[in-house]
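Data first, discussion second: the structure below is written as structure tokens.
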Amino acid sequence: MNLLQKKLAKYDLPQKAKAAGIYPYFRTIESDQNTEVIIDGKKVLMFGSNAYLGLTNHPKVKEAIIEAVNKYGSGCAGSRFLNGTLDIHVKLEQRLAEFVGKEDAITFPSGFQANEGVLSCITGRNDFIVWDELDHASIIEGIRLSFSTKLKYKHNDMESLEKQLKKCGDKIKLIVTDGVFSMEGDVAYLPEIMRLAKKYNASVMVDEAHSIGVFGKNGRGTCDHFGVTDDVHLIMGTFSKSLASIGGFIAADKETINYLRHHARTYIFSASCTPASLAAADAALTIMLNEPERIERLWELTHYALEGFRQMGCEIGHTSTPIIPLFIRNNDLTFLIVRELLDMGIFVNPVVSPGVASEDTLIRFSIMATHTKEQLDYVLDAIRKIFKQHNLIQ
């Protein structure tokens, strides 16, 4: 065993969790992604999915995938820059740009690559990137690769944001924030962020990964919800949540998109999105536009669940969205409760350090429009029983 192998072999936290019977990751699902899934041959209620509109199993989405594969095959065998641009790439990019209210858009193989590719190249050595401390990991990785000066502000703290903006002088500055924060479920203060951006002549990029399909007219996101679309410079989104696929995109004015097409390395040097993933996202977008009742149903269930957790006495932070954090504040107890819930036929996600601070560990509970109130009632009752056993509620 060489020195690197010896170093890596010292990492044994997963083995310890497995030995204790509380390892919660890589649970194998043997069915489609729906409100119920099959794990180890048993039905389990799925409350850990990002498919907020429940479209991953929609017949029209699956039909579109089959048609795309029959026409284009399984992949593009190259990058968008060279041989990997199909007419359906161009069509979907035009639709996405129009959907979020921008002139143009480009697609990436994943949402992670969209953030990483854009943020690593859009500003330069003499510029500044100012970011919320709870921004998604893909934003943080993109910022790390940038040559710009990086300034972090406290989560949703506008005084902290202004303090950081004052340090930038008259240089180019880009504020980057999630629209909906993926673990905490709270919403960025976009109107106030835009006020400060105008005051200090900054540009703004909003990650709409968890807000497309949830906020705004027909699910256009938080920028639309708050009426700030025209003032936000860059709008990012993913296909892997409400759009029932895999991939990501960035939308902006034509000049910005032209620059990114020729500088974003995760775009230039990655194989392009597959025909199947494009067709699925395109079909899901059509359903989202044509069936606004899905979003209405999602919010009805969200309000129902939020009220249930509040009445129960759970600590859920500042969430007001289908992402509901149940704070446990202990790694091992978080793992244990996740396992106990799975034993009761409920799938939820643990979020522990280093993903969050050790004192902020939580269970991430998420809702789909296709859930039923009966399913929610069962889960609320199960969580009440388990949380009482562990003295997390009265």
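Along the sequence shown, residues are numbered consecutively beginning with 1. Computed from a predicted model, the values in this text were never measured in an experiment.
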Using residues 322-329 as the side-chain source, report each donor-acceptor pair under 3.5 Å to any protein atom, sequence neighbours left out, with the distance given to one decimal.
unit_1 : atom_1 : unit_2 : atom_2 : d
Arg329 : NE     : Glu315 : OE1    : 3.3
Arg329 : NE     : Glu315 : OE2    : 3.3
Arg329 : NH1    : Glu359 : O      : 2.7
Arg329 : NH1    : Asp360 : OD1    : 2.8
Arg329 : NH2    : Glu315 : OE2    : 2.4

Should [X] and [Y] count as side-chain neighbours, where that means a heavy-atom distance under 4.5 Å?
{"X": "Lys91", "Y": "Leu278", "result": "no"}
{"X": "Phe269", "Y": "Ser79", "result": "no"}
{"X": "Met46", "Y": "Ile29", "result": "yes"}
{"X": "Asp231", "Y": "Val204", "result": "no"}

Assess whether side chain to side chain contact (heavy atoms under 4.5 Å, CB included) is satisfied between Ile172 and Asn126, documenting all intermediate values. CA-CA 8 Å; Ile172 290 173; Asn126 297 317; over 6 Å; no

Look at [X] together with [Y] and state whether they make a salt bridge at an N to O cut-off of under 4.0 Å.
{"X": "Asp377", "Y": "Lys373", "answer": "no"}
{"X": "Arg297", "Y": "Glu300", "answer": "yes"}
{"X": "Lys60", "Y": "Glu291", "answer": "no"}
{"X": "Arg195", "Y": "Glu192", "answer": "yes"}

side-chain hydrogen bond (donor to acceptor under 3.5 Å, both in side chains) pairs, two or more places apart, involving residues 165-175: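 Those involving residues 165-175 are Gln164-Lys167.
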
Restricting to pairs with a member in residues 237-250, which pass side-chain hydrogen bond (donor to acceptor under 3.5 Å, both in side chains), not counting sequence neighbours?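 Non-adjacent pairs meeting side-chain hydrogen bond (donor to acceptor under 3.5 Å, both in side chains): zero.
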
Contacts of type ring-ring contact (aromatic ring centres under 6.0 Å, His included), residue His225, not counting sequence neighbours: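 Per chain and number, His225 pairs via ring-ring contact (aromatic ring centres under 6.0 Å, His included) with Phe215.
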
In chain order, what residues pass the ring-ring contact (aromatic ring centres under 6.0 Å, His included) check against His318, with sequence neighbours excluded?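 Partners of His318 by the ring-ring contact (aromatic ring centres under 6.0 Å, His included) criterion come out as none, since no residue qualifies.
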
Members other than Leu13 in its cluster, when Ile, Leu, Val, Met, Phe, Trp, Tyr link by side-chain heavy atoms under 4.5 Å?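 For the cluster that includes Leu13, the remaining residues are Tyr11.
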
Under 4.5 Å side-chain linkage, directly or through intermediates, the cluster mates of Phe112: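 Its cluster partners, ordered by chain and number, are none at all.
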
side-chain contact (heavy atoms from CB on, under 4.5 Å) against Glu374, all qualifying residues, sequence neighbours excluded: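 Here the qualifying residues are Thr372.
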
Determine whether more than 12 heavy atoms belonging to other residues, nucleotides or ligands lie under 6.0 Å from atom [atom1] of [X].
{"X": "Arg261", "atom1": "CZ", "answer": "yes"}
{"X": "Leu3", "atom1": "CG", "answer": "no"}
{"X": "Glu30", "atom1": "CD", "answer": "yes"}
{"X": "Ile246", "atom1": "CD1", "answer": "yes"}

So, using side-chain hydrogen bond (donor to acceptor under 3.5 Å, both in side chains) as the criterion, who are the partners of Tyr52 when residues are at least two apart?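 Only Asn50, His210, Arg364 meet the side-chain hydrogen bond (donor to acceptor under 3.5 Å, both in side chains) criterion with Tyr52.
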
Are Leu298 and Leu289 grouped together when hydrophobic residues (ILVMFWY) are joined by side-chain heavy atoms under 4.5 angstrom apart?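 Yes; Leu289 is reachable from Leu298 via cluster members.
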
Sorted by first residue and then second, give each ring pair (Phe, Tyr, Trp, His ring centres under 6.0 Å) pair with at least one member in [range]; sequence neighbours left out.
{"range": "residues 349-391", "answer": "Phe47-Phe365, Phe47-His371, Phe309-Phe365"}
{"range": "residues 335-358", "answer": "Tyr25-Phe335"}
{"range": "residues 123-172", "answer": "His155-Phe181"}

Under the side chain to side chain contact (heavy atoms under 4.5 Å, CB included) criterion, do Asp157 and Glu133 qualify, and how do the steps go? CA-CA 10 Å; Asp157 186 326; Glu133 65 180 348; over 6 Å; no

Report the C-alpha distance between Asp178 and Leu134 in whole Å, list the side-chain angles of each, state the deciding distance to 0.1 Å, and finish with yes or no for side chain to side chain contact (heavy atoms under 4.5 Å, CB included). CA-CA 8 Å; Asp178 288 6; Leu134 294 187; over 6 Å; no

Describe, in one word, how the ring planes of Phe81 and His262 are oriented to each other, choosing from parallel (under 30°), tilted (30 to 60°) and perpendicular (over 60°).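 Rings of Phe81 and His262: perpendicular, over 60°.
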
